[in-house]
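One-based numbering along the sequence shown. In each ligand, atom 1 is the first atom listed, and ligand 1 is the first ligand listed.
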Amino acid sequence: MNTEHSQMAAQQRVHELIAQHAPLETTLDAIADWLAILLPGATVAFMRYDARRCTLSLLPNRRFSPAFIERLQEVRVGPGVASFGSAAFERRPVVSEDIARDPRWEAFRDAALAEGFRACWSNPVMTADGQLLGTFGTYYRTPRKPTPASERLLLQAAALIALALVRDRQEHRLHLLERGVEASPIGIVMAEATNPDHPIVYANRAFCALSGYPLEEVLGRNCRFLQGADTERDQVARIRAAVADQREIEATLLNYRKDGTPFWNRLSISPVFDAAGRCSHFIGFQQDITEQRQQAERLRYQASHDLLTGLANRGTFDDRLAKAFAAAKAQGRRLAVLHLDLDGFKSINDGLGPHIGNRMLVAVARRLEALIGPAHILARLVSDEFAVLLPSIDGCPDATALAERLLEGLAAPLEVEGQPLHISSSIGIACSGDDTDHPHEVLQRADLALEEAKRQGRNTWQWYRGRQVEQALGDVLLRNDLHTALSDDQFELLYQPMVEALSGRIGGVEALVRWRHPQRGLVSPEAFIPLAEHSGQIIPLGRWVLRQACREMAELHARGGRTVPVAVNISSLQFRRDGFLDEVLGILTETGLPPALLELEVTESVLLDGAELAIELIDTLRGHGVRVALDDFGTGFSSLSYLRDLPIDKVKLDRSFICDTLHNPRSAAIVQGIITMAHHMGLVVVAEGIETVEQQQELARRGADLLQGYLFSRPLPLAGLAALPERLPAATSSPSGSDP
Ligand code: C2E
Ligand code: CA
Ligand code: CA
C-alpha cells in the first residue's frame, strides 16, 4: 500500500515534470526514482543516441561511477555491442541475464563487473514514428531476467523517457528560435489571424525599440497604431487586401513612433498556417529604412543637381528636354530653350576670386529662379551658363518676353557678401519645329543664337536663325581641316596696298591671309581666324603669317622692288603670349627684313588683360623700330583715351564707319573727331574700306592720311603687288568682284 502510494506519487511527479517542460535531467531522475520503487534493487541508466555518429552515450548521473560513465561514451551502435548497442541496433528490448556469461558483453564486461553489475536489460527509446532517441538500461547486481509485468513496465518507462526527450529537443529548438527572434535587429510581430482585429500576440525587442512603444502597449492592439497623417493610403490598402487573401506582402510606408516622429518602415507580412492548414497568425518583419532612403535621396539629388546653386544640372536638363520634346511633338506643340551666358563672368572670377565668383553664380541662380517661376525648368549647364526650358509655348513672344524679363531682372545689382555687383547676360533662344528631329538640336540652336547675341555686343537676346546652322556645321568641318592646313601648306598671303590720300602713292601694304582649302577653294579669314583663335591654332598660324610676310617683303626688297612697310595682323592671343617679342625679333633677323618695314596691326582687345603690359610691349617693339597700328578703331569699346595711352603710330578707322560717313552726320562728326585728335597726337590715320570715289574724296577732305580699299586695289598676291604702278589712281572699274 505504502509502496503503491509512493510509486503513484513518483509516477505523477514524472507526468507533471514532463507537462511543465522541466529540465531533462530532473525528469529523467524522477523516472529513475519511480522505477527504483517498482523494481527494487534495479539501477536505471539512460543513453542518448547521436544519429549522426550512430553512437550511444550514457547520460552523466549520480548512480554510476565516473569511470563507468566515461567508459560508456560514444559507443558505436551495432549487433552484439552489449545489451544497449544491440537494443539500439535491433530497435527491440535486449536482455542480458548474466553479464559474466553473455558474449555480447565481452568488450564492456570488466567495466560492468567492476561497477558490480551482473544483469542488464536494455530497451530502445523511440518516438511514435520510430525514430531512435536512445536506450535505457536496468541493471542488477545478480543475474536475472524480467517478469512479463516488469517487461510491460519497462515499455511504459521507455515511452515516458521518449516523451521527456522529445519535449526537451523541441524545447531546445523553441528556446533557440525565441532567443534568435528576440535578438533579431529586425522588428518582428505576430498577430492573431483568427481574431478579426488581428491583435498582436508577440513583439520582439527590436520592434519595441523601433516603434518606441513598450511591450505592454503593443500586445493586444492592431498594428495600425503605427500609421499617421501621411501614411500612404494606397499602401495600407494593399496590405489589407493581402492580409484578407492570406498572402505574403511587402510594402514600404511612412509610420510614426510613439513620440510622433515619422520613419520609413519596410514591412513584410506572411501568413502562418497551422498543422491543419488554417492561417492562425500573421508574422510581420519591420525595418526602419529612413536612413537608407535619405541616403538614396541624397545620392539621387546629387546626381541630378548642380551642387553649387542647387539648380538642375545638365543631365537633368537633357532628360527634361527629351521628355518635353517628345510630348510637344506628340501634341503638335512647340517648346523653347533659352541659353544664357553671363557676360564678363571670367573677369569677375579672375579679379575677385573664385569664392566671390561662386557666390555670384548662386545669387544669379536665385534671381533667375525668382524671375522664371516654377512652370519652366531652369538648369545650370556648366560654369556661368544657364538654360531655361519652356516645355510648351504658344508662340515666339512667350520666349522673347521671358528673355527680356531676365535681362531686365539681371540689370539690378546682385548682392554678394554685402557688396553690390553688376552682371549682364547674353541669351540665345531656339524653339522646336518641323526641322528639329532631336531634342539636343534645340539646345544646339540656342547655343548658336547665344554666340550671335554675344557678337552683337552682349546683354541682349537673339533668336536662332536657320542660316547660322549651316555656318556652324561648316565651322565644325573647318575646325577639323584646320589641323592639317598648316602642315599641308594650304595658307597663302595676299597684300592690299594703302594709298597716300593726297598723292595716290602706295604708302604701305597689309598682309591678309587666305586659306586655299582643297575642297572649298579660298576661305575667308573671317571664317577661320575665329576658329583658329578658339582652338589655339592661331599661334602657329600667326607665326607663319609673320614669317611669310617678312620673308616675301624682304625678297621683294632684295630684288630691288618697291620698299614699303608691310602691316601684319596680330591676334590678341598671339600678342599677349609670352615670347611674342622674341618671335618678332627672331623672324626679322632670320628674314633680314629691316624692322622699319614691319608694322603690327593690333586691336584694342590687346588691352583686355591689362593696359600696362600692352603698353610696355608696344614701347619695346617701337624701341626696336617696329611700329604698331591700332586696327578696327571705332568698333567695340573704342575710346579716344586709347589713342592717348597707347604708344602707337597709326590708327585704322574701321570700314563700317567709313560707309556711314557719307549719310550719317553723327558718324561723320565722330570720324572727324578721331582724325583731328589723332593728328594732335602725331598719329597717322588710315581709313579702310574705301570703295567709292565719294568715300575717297570725303575721307581725304577730312584729313585721313592713308586710304585702303577695293577702290584702289583688292588684296593681291605678291606678283600682282609688284606689278602695281607706284601711284594708284582710283580704280576705274567697279569695286565688286572677289579676291584673285
Ligand atoms: P582687317 O584687318 O580689318 O582687314 C581688312 C579687311 O577688309 C580684309 O578682309 C580686306 O580684304 C577687307 N577690305 C579691304 N578693302 C575693302 C573694301 O573696299 N571693301 C570691303 N568690303 N572690304 C575691304 P579679309 O582679308 O577678309 O580679312 C578680314 C579680317 O581677317 C581682317 O580684318 C583681319 O581682322 C583678319 N585677318 C586677315 N588676315 C589675318 C592674319 O594674317 N592674321 C590675323 N590675326 N588676322 C587676319
Ligand atoms: Ca588689319
Ligand atoms: Ca581693320
Practice problem: Please say whether the positively charged group of R714, taken as NZ for Lys or CZ for Arg, lies over the ring of Y710, i.e. under 6.0 angstrom from the six-membered ring centre and within 45 degrees of the axis. | Solution: yes
Quiz prompt | Name of whichever N/O/S atom of E601 is nearest to the Ca ion (ligand 2) | solution = OE1
Practice problem: Would you mind checking if K346 and D384 are paired as a salt bridge, meaning a charged N to carboxylate O distance below 4.0 Å? | Solution: no
Exercise. Decide yes or no on side chain to side chain donor-acceptor pair (under 3.5 Å) for E533 and S571, but give the supporting numbers first.
Key: CA-CA 8 Å; E533 284 181 330; S571 156; 2.9 Å; yes
Quiz item: Are K652 and E510 ion-paired here, with the side-chain N under 4.0 Å from a carboxylate O?
Solution: yes
Self-check item: Region of R655 engaging ligand 1 - heavy atom pairs below 4.0 Å
Solution: side chain
Quiz item: What is the ring orientation for F528 with W515, classed by angle as parallel under 30°, tilted 30 to 60°, or perpendicular over 60°?
Solution: perpendicular
Quiz item: For ligand 1, is any non-hydrogen atom under 4.0 Å from L541's backbone (N, CA, C, O), its side chain (CB onward), both, or neither?
Solution: neither
Practice problem: Going by the side chain to side chain contact (heavy atoms under 4.5 Å, CB included) test, name the single residue among E452, H339, R458 that passes it with S426. | Solution: R458
Practice problem: Using heavy-atom distances, let me know which of K652, E691, E688 sits nearest atom 5 (C) of ligand 1. | Solution: E688
Quiz item: Going by the order shown, which atoms of ligand 1 are within less than 4.0 Å of some heavy atom of D632?
Solution: 3 (O)
Quiz item: Counting both backbone and side chain atoms, is some N or O of E526 under 3.5 Å from an N or O of ligand 1?
Solution: no
Quiz prompt | Which segment of L493 sits under 4.0 Å of ligand 1 when only heavy atoms are counted | solution = neither
Quiz item: Numbering the atoms of ligand 1 from 1, which are under 4.0 Å from a heavy atom of S571?
Solution: 44 (N)
Practice problem: Tell me which one of A527, P525, G709 gets a heavy atom nearest to atom 36 (N) of ligand 1. | Solution: P525
Quiz item: Any N or O on P715 sitting closer than 3.5 Å to an N or O of ligand 1?
Solution: no
Practice problem: Using 3.0 Å as a strict upper limit, say whether an N, O or S atom of D631 approaches the Ca ion (ligand 2) that closely. | Solution: yes
Practice problem: Among the N/O/S atoms of E510, select the one at the shortest distance from the Ca ion (ligand 2) and name it. | Solution: OE2
Quiz item: Does any N or O atom in Q496 lie less than 3.5 angstrom from one in ligand 1, N or O only?
Solution: yes
Quiz item: For D578, does the CG atom sit with more than 12 other heavy atoms under 6.0 Å from it, leaving out its own atoms?
Solution: no
Self-check item: Proximity to ligand 1 by part of V545, non-hydrogen separation under 4.0 Å
Solution: side chain
Practice problem: Scan residues 548-577 for pairs that pass ring pair (Phe, Tyr, Trp, His ring centres under 6.0 Å), counting only residues two or more places apart or in two chains. | Solution: F575-F580
Practice problem: For E441, enumerate each residue passing the salt bridge (charged side-chain N to carboxylate O under 4.0 Å, His left out) test, keeping only those at least two apart in sequence or located in another chain. | Solution: none
Practice problem: Look only at interatomic distance and state if Q708 has a nitrogen or oxygen under 3.5 Å from any nitrogen or oxygen of ligand 1. | Solution: no
